[in-house]
A.B. asks: 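Just passing along the structure, written as structure tokens.
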Amino acid sequence: QVQLVESGGGLVQAGGSRRLSCAASGRTFNSYGMGWFRQAPGKEREFVAGISRTGGSTNYADSVKGRFTISRDNAKNTVYLQMNSLKPEDTAVYYCTRGVGGGAYQRGNDYNYWGQGTQVTVSS
């Protein structure tokens, strides 16, 4: 069973930065693409960023492009989400997720393991 544990959430002022981490269990981390999704109160879960198994390919939602960076360290079984220039509309629970294969997927259906989420709140 794969376990994904997010950390790094919290309260940050608008314009600030935050780095989320997601530690994955198992020995096959480098075989799968990883992603981040988020869900704001009253809204559906939405794609934020995805990264391929080697890190050579990434995808971003238009709303975060140029502000967020997804990366991974396969030696540490960890994926990161560096968030800069944060806005109040970035407030959400952020979820780490593992892909069904090695790509940098954008659809939720292409991910099959999910973490419990970490809250990020951006104050204005």
Side-chain angles (χ1 to χ4, degrees):
Q1 185 73 8
V2 175
Q3 288 189 321
L4 302 173
V5 180
E6 302 97 336
S7 61
L11 177 64
V12 60
Q13 287 189 332
S17 298
R18 201 83 180 179
R19 189 176 81 157
L20 304 182
S21 299
C22 171
S25 65
R27 294 179 289 178
T28 59
F29 179 77
N30 60 5
S31 296
Y32 296 94
M34 299 293 294
W36 289 94
F37 282 69
R38 67 186 181 186
Q39 187 167 19
K43 295 187 177 181
E44 293 187 352
R45 190 176 296 186
E46 65 174 359
F47 169 77
V48 175
I51 187 167
S52 62
R53 66 181 186 87
T54 64
S57 179
T58 57
N59 281 304
Y60 296 93
D62 287 343
S63 59
V64 306
K65 204 169 291 184
R67 299 188 298 122
F68 290 13
T69 302
I70 188 171
S71 61
R72 65 189 296 160
D73 185 338
N74 286 344
K76 296 182 178 179
N77 278 21
T78 301
V79 62
Y80 305 98
L81 185 68
Q82 177 66 43
M83 305 183 294
N84 298 330
S85 301
L86 282 161
K87 305 175 182 180
E89 51 263 45
D90 294 318
T91 295
V93 177
Y94 283 73
Y95 296 91
C96 172
T97 183
R98 196 191 82 169
V100 297
Y105 308 109
Q106 299 183 64
R107 300 185 312 159
N109 288 344
D110 291 323
Y111 293 91
N112 57 1
Y113 287 97
W114 298 79
Q116 293 299 306
T118 186
Q119 175 72 46
V120 174
T121 302
V122 184
S123 63
S124 57

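Heavy-atom basis, side chains included; hydrogens, waters and symmetry copies ignored. Note that the numbering runs from 1 along the sequence shown for the chain.
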A.B. asks: How close do Ser85 and Asp90 get, heavy atom to heavy atom, and via which atoms?
C.D. replies: O-OD2, 4.4 Å
A.B. asks: Return the set of residues passing side chain to side chain contact (heavy atoms under 4.5 Å, CB included) with Ser57 (not counting sequence neighbours), or none when no residue passes.
C.D. replies: Ser52, Ala104
A.B. asks: Please confirm whether the backbone N or O of Cys96 pairs with a side-chain atom of Glu6, one donor and one acceptor, at under 3.5 Å?
C.D. replies: yes
A.B. asks: Please check if the side chain of Tyr111 supplies one atom and the backbone of Phe37 the other of a donor-acceptor pair under 3.5 Å.
C.D. replies: no
A.B. asks: Do Tyr80 and Arg72 have side chains that get closer than 4.5 Å, going by heavy atoms?
C.D. replies: no
A.B. asks: Under 4.5 Å side-chain heavy-atom separation, chaining through any Ile, Leu, Val, Met, Phe, Trp or Tyr, what else clusters with Tyr32? Say none if it is isolated.
C.D. replies: none
A.B. asks: Do Tyr95 and Arg38 come within less than 4.5 Å of each other through their side chains, counting heavy atoms only?
C.D. replies: no
A.B. asks: Who pairs with Thr121 by side-chain hydrogen bond (donor to acceptor under 3.5 Å, both in side chains), at least two apart in sequence or on another chain?
C.D. replies: Gln119
A.B. asks: Is Lys65 atom NZ crowded by more than 12 heavy atoms from other residues, nucleotides or ligands, each under 6.0 Å away?
C.D. replies: yes
A.B. asks: For the atom pair CZ (Arg53) and CG (Asn30), what is the distance rounded to the nearest 0.5 Å?
C.D. replies: 7.0 Å
A.B. asks: Roughly how far apart are Glu46 CD and Glu44 CD, rounded to 0.5 Å?
C.D. replies: 10.0 Å
A.B. asks: Find out whether the Lys NZ or Arg CZ of Arg45 is both under 6.0 angstrom from the six-membered ring centre of Trp114 and within 45° of the ring's axis.
C.D. replies: yes
A.B. asks: Under 4.5 Å side-chain heavy-atom separation, chaining through any Ile, Leu, Val, Met, Phe, Trp or Tyr, what else clusters with Leu4? Say none if it is isolated.
C.D. replies: Val2, Val12, Leu20, Phe29, Met34, Trp36, Val48, Ile51, Tyr60, Val64, Phe68, Ile70, Val79, Leu81, Met83, Leu86, Tyr94, Tyr113, Val120, Val122
A.B. asks: Please list all pairs meeting salt bridge (charged side-chain N to carboxylate O under 4.0 Å, His left out) that have one or both residues in residues 105-124, counting only residues at least two apart or in different chains.
C.D. replies: Arg107-Asp110
A.B. asks: Starting at OG1 of Thr97, measure out to CG of Asn112 and round the result to the nearest 0.5 Å.
C.D. replies: 7.0 Å
A.B. asks: I would like to know whether Cys22 and Val5 meet side chain to side chain contact (heavy atoms under 4.5 Å, CB included); could you show each step before the answer?
C.D. replies: CA-CA 5 Å; Cys22 171; Val5 180; over 6 Å; no
A.B. asks: Would you say the side-chain atoms of Ser63 pair up with the backbone N or O of Ala61, donor to acceptor, closer than 3.5 Å?
C.D. replies: no
A.B. asks: Whether the side chain of Arg18 engages the backbone of Gly8 through a donor-acceptor N/O pair (distance < 3.5 Å, no angle test) should be reported.
C.D. replies: yes
A.B. asks: By side-chain hydrogen bond (donor to acceptor under 3.5 Å, both in side chains), which residues pair with Gln116, not counting sequence neighbours?
C.D. replies: none
A.B. asks: Return the CD to CZ distance between Gln3 and Arg98, rounded to the nearest 0.5 Å.
C.D. replies: 12.5 Å
A.B. asks: Between OG of Ser25 and CD of Gln1, what distance do you get to the nearest 0.5 Å?
C.D. replies: 8.0 Å
A.B. asks: Say whether Asn84 and Ser17, considering side chains only, have a donor N or O and an acceptor N or O under 3.5 Å apart.
C.D. replies: yes
